[in-house]
Each structure stands twice: as structure tokens, then as C-alpha cells.
Amino acid sequence: MARLPYRRRKDVTVASLLLLVLALLLGPVPSSAAGTEWWLPTARPAPDSQINVTGEPFTGTNAQGEVRGFADVHNHLFSNEAFGGRLICGKVFSGAGIGDALKDCPEHYPDGSLAIFDFITNGGDGRHDPVGWPTFKDWPAHDSLTHQQNYYAWVERAWRGGQRVLVNDLVTNGVICSVYFFKDRSCDEMTSIRLQAKLSYDLQAYIDKMYGGTGKGWFRIVTDSAQARQVIEQGKLAVVLGVETSEPFGCKQILDIAQCSKADIDKGLDELYDLGVRSMFLCHKFDNALCGVRFDSGTLGTAINVGQFLSTGTFWKTEECTGPQHDNPIGNASAAEAEAELPAGVDVPSYASGAQCNVRGLTELGEYAARGMMNRGMMLEIDHMSVKATGRVLDIFEAESYPGVLSSHSWMDMDWTARVYGLGGFIGQYMHGSEGFIAEADRTEALRDKYGVGYGYGTDMNGVGGWPGPRGADAPNKVTYPFTSVDGGTVIDKQTTGQRTWDLNTDGAAHYGLVPDWIEDIRRVGGQEVVDDLFRGAESYLDTWGASEQHQSAVNLANNAPSTASSAEWNPFTSYAPGRAVDGDRGTRWASDWSDDQWLRIDLGATHRVGRVTLDWERAYGKAYRVELSTDGQAWKTAWSTTSGDGGLDTARFTGTPARYVRVLGLERGTEWGYSLHEVSVHSN
């Protein structure tokens, strides 16, 4: 909504004049009540946190018709409802007011002696002043991982400071819930996800009420990219629901046996979609029935590995990496408290320093889930996936030209960056300190310039990760208050809640309201260029989302097409005939005899323009092979070739060429066996 123009009425009565005089004598009438300052609520709870931002939020688009604003693509508003409900203390909002919302967990009183997770994550003895409102002596703080950082008014301050996208990842972990001492609810992951989704909509209604009714508040949950654009053009905050959990759809594994089915995945995806979820992780922290994870390191890694064993009956398993990408090194650090939970005689294995890759990649069920997300236009988070799983996901999406891939908080191997941008995906960096954030942003700047994309950040607030500490009152290029927002339309001063005023220079990024201060710190330390890329984050995120929604799978010209081959491996129990490679079933395959020179030929039935061929190899793959085309089945022309095939899913792209026949000609095997293809797809582009 644009600012309403002031209109002078011609029929002003004496009574109206008297009321005006009384109003002037008694004090100024809040301009928001007249509807001119739409960004200010007419009925904010009292008492409440201050916002400490003045000026009108920017609206509309730039000269190119693009939305503007920052994008936080990884936050956890309601993780206080996760892990049994007592791991993160405090609430995002409460109908009973700020005093009820911002109070500590009961076991933290009187001095934090029982704040067990606090001292596990933060060291020391966990002792702290548990009082939140109104004194906030010890929390929230940049290094306190167990206290609420996402109070709604702090989120409001981030919006007023220029943020226009917030991805609220609904999060929990059933194993952490089960082993934590304090809880007041079930550890079922989907039960927690449903509750957090409901509370997200409740928060929207809570804020709407302050502004006069449904749809009038600044916090808008969106379910498609067009709706998000409209919200941002109005100057409001587009909130997207995501999911980050270790056992989505109940897809855990026990002793390497999946505990879910394809039907469970379809049912789960449909339910999440109906809840409004548009992005999600398939695995997180623990290997599950869908994929292997990218390890945690050090003491935390050992503790999580113990959790993996308690959940699945197996520890992480490693192997040497086959490419430049690698998972985080596990190391052999001790985690005595966690290891004490292991059964007698069971020890965490030691790991070779040279073996940094998870042996577990994307499973058959995981591939089914990834394709199911693609079919629903959902975006898949590759952070926390093992490099083997990530590589397969990228192969699948490249084969389908599907852009819906996200890396939201610096948990993928950075060598994937070019492939993500090449697909049309979006990348956000974790909320590191300004120096580290700038260094990483500079490292990938050339790729952002090449692909013409903006940049995001993932605050991971309430995500037990740790946030930028203070650079110091005397640090060079420190934040000076008040400062002006990036768009120049608002002035931002130090943030005050109750009796506490925070200063980024001396307090660090203690809560979500200090996100604008952190961005100003980036600007002062690293210059305007990085901040300009961040200010394009909302547009780029919506580009990825919109392209995912609009994606349509290309017609597979090879589907059930007549096929012949130089040979087919004989087996008395199953068929490896050439037609098995084009039957649309990834559970079947063609397999050749065990010699180098073999071929598979597909008759498309008529001449078509052919520009892309996808080959889904079984373990017996081609190291050197060619894709050849022909219009008559006699004269063949090489369209694409490789001498460095490594199996998996290969996509051969080349200039569109008229052809009726497609031939895959194997020249050198990658294994001792023959050539074996689960599926070959042929497309015009």
C-alpha cells in the first residue's frame, strides 16, 4: 500500500475543529491511526520491545522492475517448540506479553545450575542470570545457544532495516529430544513440525491484529513466488516455510534398513506442501534412509556420531574422496558426556585423516524424494548432505534443467558453487563475523557477477550455531549509531528492550534485531559492494523459486522406444535386454557382455531435433564412450564424447541436431564388468 495522500475536507464542522484543538492540546494523535504511516501498528502490546528505527520502509521495485531487499534464507523462529520444548528457552510471541515470552526455562532458575545444554555448548558451568525481561543481564547473547533470539519485535526491526525475505525452517531432532533431560512433549519430529507451522500462522495473525485485521501486518507467509513479489513490492516481509529435520516422513534407518516407503514420502511431501512448506532438507546431522550427511567435526562431531549410533545402530563410515569436494573431517576428539550414553563395550570408531567422505550418498528413496520435490516445484537444500549425495542431486537436477537447489548457511563444499549457480540456484552464507563474511563473499564474487545473481545470508538464529562476537568499542571501522539503512530511507539507532540496550560493537549479534547493525558492520569493514549484492538477495531468491515453479520436464523421446544392443548379459532370473534402459523404470537396466566395444541403439521412430542425452549408469559404467546420432541408422555422427566418465548420472548436451537414431558407443569400461545403464533419456533441448 502506498502512502495515502492528505485530503482537506470542505465541510469541516465546528465540532470537528473543537476535537482537533483538544487533540493538539492533549498531545499528538499517532499518525498510524490516520493510516498514513502504514508500517506502524495501531495497537502494539504494552509494555514491549522498542524497534529504534524511524522512517518509511521502501516499497515498489527498482528501475528494472526487480524487488529489493535482503534475504535471510535460514532461520528458526520456533525451535523453542522443538527437541521436547525445553532446549531453547523463551518464545517468539505470547498473548500474555513480553514478560511471558522472554523468560528462561524453569530448570535454569535460580542461577543456571541445571542449564545442561547451555554448558555443553558454551563451556563453563552454564551458570547465568536466568531473568530475561526486563533486565536481560546475560541473555540473549551471541554465544548463548539456548535462549530465544527471534522475539517478533526483533524480527520487525530486521524488516524495518531492509530485509524482505525470511525463510523460517521448521526444525527438530528426535534423538536430541530423547536424550535431553528436560522435555514436556513428544519427540515425534512431524508432530513438532506441524506445531511450528501452526505457530507461524498464529504469529502472522498476532501481528495482523496490531495493524487492524487480517492481511494488514508486515509479516506475510507466502506460498508462491508471485505472492512473495507482491508482498515485497508492498514493503512487507515475505516469510517462506522450510523444513530442517533428521528423519523427514519418518525416513530413519536402523542397521541400514529403511523405516519408510515411497508411499510415506509422497504422503509426507503432500502434507508439508499443504502446510505451506516450499523448501526442505532431506537429511540433517544423522544418516537416514534418504541420504548420508556432511559430518560435524571435533567434540560436537563425536557427540553427533554417538547420536547417530543411538538412532540408527551404526556409526558414520568414511572413505577416500574421489573428487575435489570432501565432507568435514570427523577427527577423533573425545565427547565424554555423549560417549557415556553408549552401550557397554561399544566405542566410537577412529577415522583416518585421509578418508573424509561419507560412504553414504543419495539412496533410491532419497532420489525418489528429490524427484518428488521437483515434481511439486519445491526447492531442495543441499547443505548437510554428504558430497556423494550432493553430487547425485546436482546430477539429477542438471539432467532435468531444474533450478530449485539452495545452499542456505555455508554447509556445502564450496567447490559446488559454480554448479549451483549454473543451475539457477541460490546461495546464502552463514552469519559469520564481518571479516569472515566479506572474505567468503569476495571469493565467490566473480561467479555472482558471471551469473548475474545476488547473495543471501543464513542467520540460523535459534539454531545452536553461535553468532558474530563483538569486534570491540575501539575496533577500526566500527558501527556508529545512528546509521542510515542501505536504501537511505530509514535511520537505525541502538536497539533497546526493557532495561537493556545492545551495541553490535560491544555485544556482537546477540539477537535478530541486530541483523541491520551486522549488515552495517559489513559495509563499514568491506565496503558497499558486498552489501549491494546482499540487497539483491530477495530478487535472486525469488528468481530461483519462480523458475522452480515454472519448470516442466522435457519430453523423453526415448521412452519405450525400440532398442537394440551389441550384446545383453544373460541371467536366468532377470532380463538385461536393451529395452530395459528405456522402459521408464530406474529399477531395471540393460547390461552388456564384459568387453570394451559395446553399443546400445535407440530408434526414436521419426526424426527429431536431439540436443540432450542423459545416461543413468549402474555400477558398471563407461569410462570412455560416445553419443552418436544418425538419420538413417547407417551413417553416424559423434555428438558428444568423454574419456573421463566416472559413472552416476551423465548429461550430454550439444547443439541440437536432427536424428532418428541415437547410439551410445562404449569404448573403454570403468570396471571389470561390461556397460550397464538403468535409463537413457533423449531430449530436444
Side-chain angles (χ1 to χ4, degrees), residues 319-325 355 357 359-364 367 386-396 398-399 556 558 561-604 610 612-630 633-634 636-654 659 661-683:
E319 63 185 6
E320 291 189 9
C321 304
T322 58
Q325 299 84 10
C357 278
V359 301
R360 195 172 184 85
L362 192 70
T363 68
E364 180 182 349
E367 181 164 333
S386 67
V387 295
K388 183 179 285 189
T390 302
R392 179 68 177 182
V393 164
L394 295 178
D395 285 346
I396 292 170
E398 286 169 346
N556 178 13
S563 303
T564 55
S566 55
S567 63
E569 181 182 340
W570 182 84
N571 187 294
F573 304 105
T574 189
S575 170
Y576 296 123
R580 292 301 184 99
V582 292
D583 62 1
D585 183 351
R586 296 180 186 278
T588 63
R589 60 189 175 96
W590 163 69
S592 76
D593 288 344
W594 295 10
S595 60
D596 282 336
D597 296 320
Q598 302 288 338
W599 51 263
L600 172 73
R601 189 176 77 168
I602 303 167
D603 180 357
L604 303 181
V610 176
R612 173 164 56 101
V613 176
T614 299
L615 303 100
D616 190 356
W617 295 99
E618 194 251 353
R619 287 178 297 172
Y621 65 91
K623 180 180 179 181
Y625 65 93
R626 296 198 298 257
V627 174
E628 300 179 326
L629 305 178
S630 174
Q634 301 297 319
W636 295 92
K637 179 181 179 181
T638 298
W640 186 91
S641 66
T642 183
T643 58
S644 56
D646 59 0
L649 189 61
D650 288 347
T651 298
R653 296 180 185 274
F654 42 86
Y661 301 92
V662 176
R663 184 168 70 179
V664 180
L665 179 62
L667 303 174
E668 181 183 353
R669 293 167 292 156
T671 69
E672 61 183 313
W673 305 299
Y675 302 92
S676 185
L677 285 160
H678 282 294
E679 200 71 16
V680 178
S681 303
V682 178
H683 306 277

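For Tyr621 (side chain) and Leu649 (main-chain N/O), no donor-acceptor pair under 3.5 Å exists by modelled atom type. Remark: side-chain polar atoms of Ser630 are not paired, donor with acceptor, to backbone N or O of Tyr661 under 3.5 angstrom. Remark: side-chain polar atoms of Ser592 are paired, donor with acceptor, to backbone N or O of Tyr675 under 3.5 angstrom. Not one N or O on the side chain of Ser595 forms a donor-acceptor pair closer than 3.5 Å with the backbone of Asp597. Between the side chain of Ser563 and the backbone N or O of Ala561 there is at least one donor-acceptor pair closer than 3.5 Å.
Using a cut-off of 4.0 Å between Lys/Arg side-chain N and Asp/Glu carboxylate O, Arg392 and Asp616 are scored as salt-bridged.
A distance of 12.5 Å separates CG of Leu615 from NE2 of His678, quoted to the nearest 0.5 Å. Interatomic distance, His683 NE2 to Thr614 OG1, rounded to the nearest 0.5 Å: 4.5 Å. To the nearest 0.5 Å, atoms CG (Leu677) and CD (Glu618) are separated by 9.5 Å. Interatomic distance, Glu628 CD to Arg601 CZ, rounded to the nearest 0.5 Å: 11.5 Å. The CG atom of Leu665 sits 10.5 Å away from the CG atom of Leu600 when rounded to the nearest 0.5 Å. Lys388 contributes atom NZ, which lies 3.5 Å from atom CD of Glu319 (distance to the nearest 0.5 angstrom).
The side-chain hydrogen bond (donor to acceptor under 3.5 Å, both in side chains) analysis of residues 575-585, with sequence neighbours excluded, yields the pairs Tyr576-Arg589, Asp583-Thr588.
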After noting the C-alpha distance and the side-chain angles of Val680 and Val662, does the key distance pass the side-chain contact (heavy atoms from CB on, under 4.5 Å) rule? CA-CA 10 Å; Val680 178; Val662 176; 5.8 Å; no

Checking Arg619 against Thr671 for the side-chain contact (heavy atoms from CB on, under 4.5 Å) test, could you report, in this order, the C-alpha distance in whole Å, the side-chain angles of both residues, the deciding distance, and whether it holds? CA-CA 8 Å; Arg619 287 178 297 172; Thr671 69; 5.8 Å; no

Checking Gln598 against Ser567 for the side-chain contact (heavy atoms from CB on, under 4.5 Å) test, could you report, in this order, the C-alpha distance in whole Å, the side-chain angles of both residues, the deciding distance, and whether it holds? CA-CA 7 Å; Gln598 302 288 338; Ser567 63; 2.6 Å; yes

Given Trp590 and Val582, is the side-chain contact (heavy atoms from CB on, under 4.5 Å) satisfied, shown in steps? CA-CA 9 Å; Trp590 163 69; Val582 292; over 6 Å; no

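In this structure Asp603 satisfies the side-chain hydrogen bond (donor to acceptor under 3.5 Å, both in side chains) test together with Arg660, sequence neighbours excluded. Taking the ring pair (Phe, Tyr, Trp, His ring centres under 6.0 Å) definition, one finds that Trp617 meets it with Tyr625, sequence neighbours left out.
Across every non-hydrogen atom of Val387 and Cys357, the tightest pair is CG2-SG, 3.5 Å. Nearest heavy atoms, Ser676 versus Ala591: OG-CB, 3.9 Å. Val627 and Ala652 get closest at one heavy-atom pair: CG2-CB, 4.3 Å.
Within the cation-pi definition used here (under 6.0 Å to the ring centroid, within 45° of the axis), Arg669 does not qualify as a partner of Trp594.
More than 12 heavy atoms of other shown residues, nucleotides or ligands fall within 6.0 angstrom of atom CD in Glu668.
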